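Indexing begins at 1, ligand by ligand and atom by atom, following the structure's order. What you are looking at is a predicted structure, and each value in this text was computed from that prediction instead of being measured.
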Amino acid sequence: MEDRGLLIQAAEDQLLEKAKRDGVETAWDRKDAMKTPCGFGSAGVCCRNCAMGPCRVSPVPGKGVERGICGATADIIVARNFARMCAAGSASHSDHGRSLCLYLENASRDGQINIRDEKKLASVAKKYSIETEGRDIYDVAHDVAAATLNEFGKPHGNLIFSSALPKKRREVWDKLGVTPRAIDKDIVSIMHSTHIGCSGDAKNLINMSMRASLGDGWGGSYIATEISDILFKTPSPVETQANLGVLETNSVNIILHGHEPSLSESIVAAAEDPELIALAKAQGADGINVCGMCCTGNEITMRHGIKMAGNFLQQELAVVTGAVEAVIVDVQCIMPSLAKLSKSYHTKFITTSPKAEITDSTYIEFEEHRPYDSAKEIIKEAVLNYKNRNRDNVLIPDEKCEALVGFSTEAIVDGLDKVVNSNIDPLQTVKPLADVILSGTLRGAAAFVGCNNPKVPHDEPTVKMMKYLIAHDVIIIVTGCAAHAAAKAGLLLPEAKELAGPGLKTVCSLLGIPPILHQGSCVDISRNLQLAGELANHLGVDISDLPVVGAAPEWMSEKAVAIGTYVVGSGIDAWLGVVPPVTGSPFVTDYLLNKMEEDYGAKFYVETDPQKAAEQMFERIEAKRKKINI
Ligand code: XCC
Ligand code: SF4
């Protein structure tokens, strides 16, 4: 296979040059202008939790100012800041989950919100002990909405967990006192305990961070995935294309960017409305080309094969092509810079959520009670903008790559089942996967997640690490912006098996799958958890015993901090390629990188060299295999 990494870079360079010619700036320019980042901020020792401060204490023990005005040490300040990152990340994923529960509440047979996956509905209903026998599916759906909404703020007890959560893991959490109670409650606890004069113990704060983050992974995010599948169907493998070359010269190009699939699903459906297509043709366009970006891109590609325009650092480049009629967004990971940037082109930057209004954007609220009609009105703005495109200043890069996406846990299990063992006990569904891992055909699995970050070369560490691991017979599951990186590099193609080791190659050939399986958006890391949990249950071990690792090579968001935390808390080691702002605390650093293993059987690794990180991941997989004698 040709090395697509260089081609991707060439396409990106072209657009960066164009940006310069056009006199517009991108995140990379602003990163350069930022010069050296603040050392206190980088080490996490800056506190502005009260107005006696801001206080910055020395990141080096025994040197300089050691306490804030209230007496908080570097350990306390770093732990508080870390906890607040976990709270913000968990809040974002979980509020996305809540929006979908509220959306499901409005589902009705003859309305604009419908149930597309009755099987998933039944399985989620079972989780919440909701009767399904002989009942109308919409009544069941409304009960599921009520039950899941209750998980956010119930006053007593603990979250209701998926049966995929191994008993042993639950015992670990109970013993440490980190079993999530209610999603919102555990987030609020952090905001309370990090207020001036509350928790002054770093371990206590880290435990709270873990509890809220686990409430994200096994609660808010898990619910987001479950409800999305019920409403929009559980993904199954579908072909798509990735990179900015998916934009079309003679179509109305729409970039859908953000996270919640309620908006994006409606836009995708409404873009096929004959009325809108006729309107597009009347403007001189061939049609309407909807493309997805970041996590929204993952959501709509895995359910409809909608083309993937790119990941986080490509959002500005999409506008720079000069070929985008509208960037339509909802929440999260939307650069406010798009407002100014889009004004240098004809692009309409349309914000739709009261949670993420952006100054100088065109705000058209997405009306969830009439999603189809509302989506049509939004798309109309884009279509009518086609005539304003400046054809002399358009540059659509040639680069695009085919990909196979949409491997939900259900799809993986079904696929394996069909090939390996056609008539197995439904409770033994992960058996084929367990068998290929036990036999050593696959050495293990790695989950890649997360963002882009201009601190590292775009997509490069992600792709490098992936290639190393598949060459060593480690199967990869991928979500979020890392999934776009894999797609652009051609790694989501069945042909990429040529880059895999002999064992993984055999499995790929047998199943017709790529060595890297696309599992969706970042809330869909719940699918990773589900798969790992089912595997552990099947083998009668804890998740921390499995030869499974995780990595976020280019992470940047607070959501990624929450993810890393719940991944480790679930028993899976997590490699970070960007140093988190905790180095100013000896206690927190030592806990995350070492001691955590005693508590959770897993820990964080921070390694900025992708080659070394990949080697460490593989070593760790082999060590875990030894531990359970396989
Ligand atoms: Fe955002 Fe989800 Fe990160 Fe991409 S991967 S930059 S969080 S879009 Ni979630
Ligand atoms: Fe300073 Fe303490 Fe106030 Fe933070 S909480 S700003 S360390 S006085």
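- Gln332 does not count as a contact of ligand 1, since none of its heavy atoms falls under 4.0 Å from the ligand.
- Here Cys481 fails the criterion, with no N, O or S atom under 2.8 Å of atom 2 (Fe) of ligand 1.
- Under 4.0 Å from ligand 2, the heavy atoms of Arg80 that appear belong solely to its side chain.
- Among the atoms of Cys333, no N, O or S atom falls under 2.8 Å of atom 2 (Fe) of ligand 1.
- With Asn49 contributing its side chain and Thr194 its backbone, the two residues share a donor-acceptor pair below 3.5 Å.
- Between Lys488 and Glu399 there is no salt bridge, since none of the side-chain N atoms of the basic residue sits less than 4.0 Å from a carboxylate O of the acidic one.
- Among all protein heavy atoms, the one lying closest to atom 3 (Fe) of ligand 2 is Cys50 SG, 2.4 Å.
- When hydrogens are left out, the protein atom nearest atom 4 (Fe) of ligand 2 is Cys47 SG, 2.3 Å; that is the closest non-hydrogen contact.
- Of the listed options Glu299, His259, His93, His259 places a heavy atom closest to atom 2 (Fe) of ligand 1.
- Between Lys203 and Asp75, no side-chain nitrogen of the basic residue sits less than 4.0 Å from a carboxylate oxygen of the acidic one, so the salt-bridge criterion is not met.
- Listed by atom number, the atoms of ligand 1 under 4.0 Å from Ser557 heavy atoms are 7 (S).
- Under the 4.0 Å criterion applied to side-chain N and carboxylate O atoms, Lys355 and Asp95 are assigned as salt-bridge partners.
- With hydrogens and angles ignored, the 3.5 Å screen pairs no side-chain donor or acceptor of Asp32 with any backbone N or O of Asp29.
- Protein heavy atom nearest atom 2 (Fe) of ligand 2, with residue, atom name and distance: Cys70 SG, 2.4 Å.
- In terms of protein heavy-atom proximity, atom 3 (Fe) of ligand 1 is nearest to Cys451 SG, 2.4 Å.
- Counting protein heavy atoms only, atom 1 (Fe) of ligand 2 is closest to Cys55 SG, 2.3 Å.
- In this structure, Glu325 does not pair ionically with Lys348, as no charged nitrogen and carboxylate oxygen lie closer than 4.0 Å.
- The pair Asp590-Lys603 does not meet the salt-bridge criterion, since no charged nitrogen lies less than 4.0 angstrom from a carboxylate oxygen.
- Contact annotation: Gly450 has at least one heavy atom less than 4.0 Å from an atom of ligand 1.
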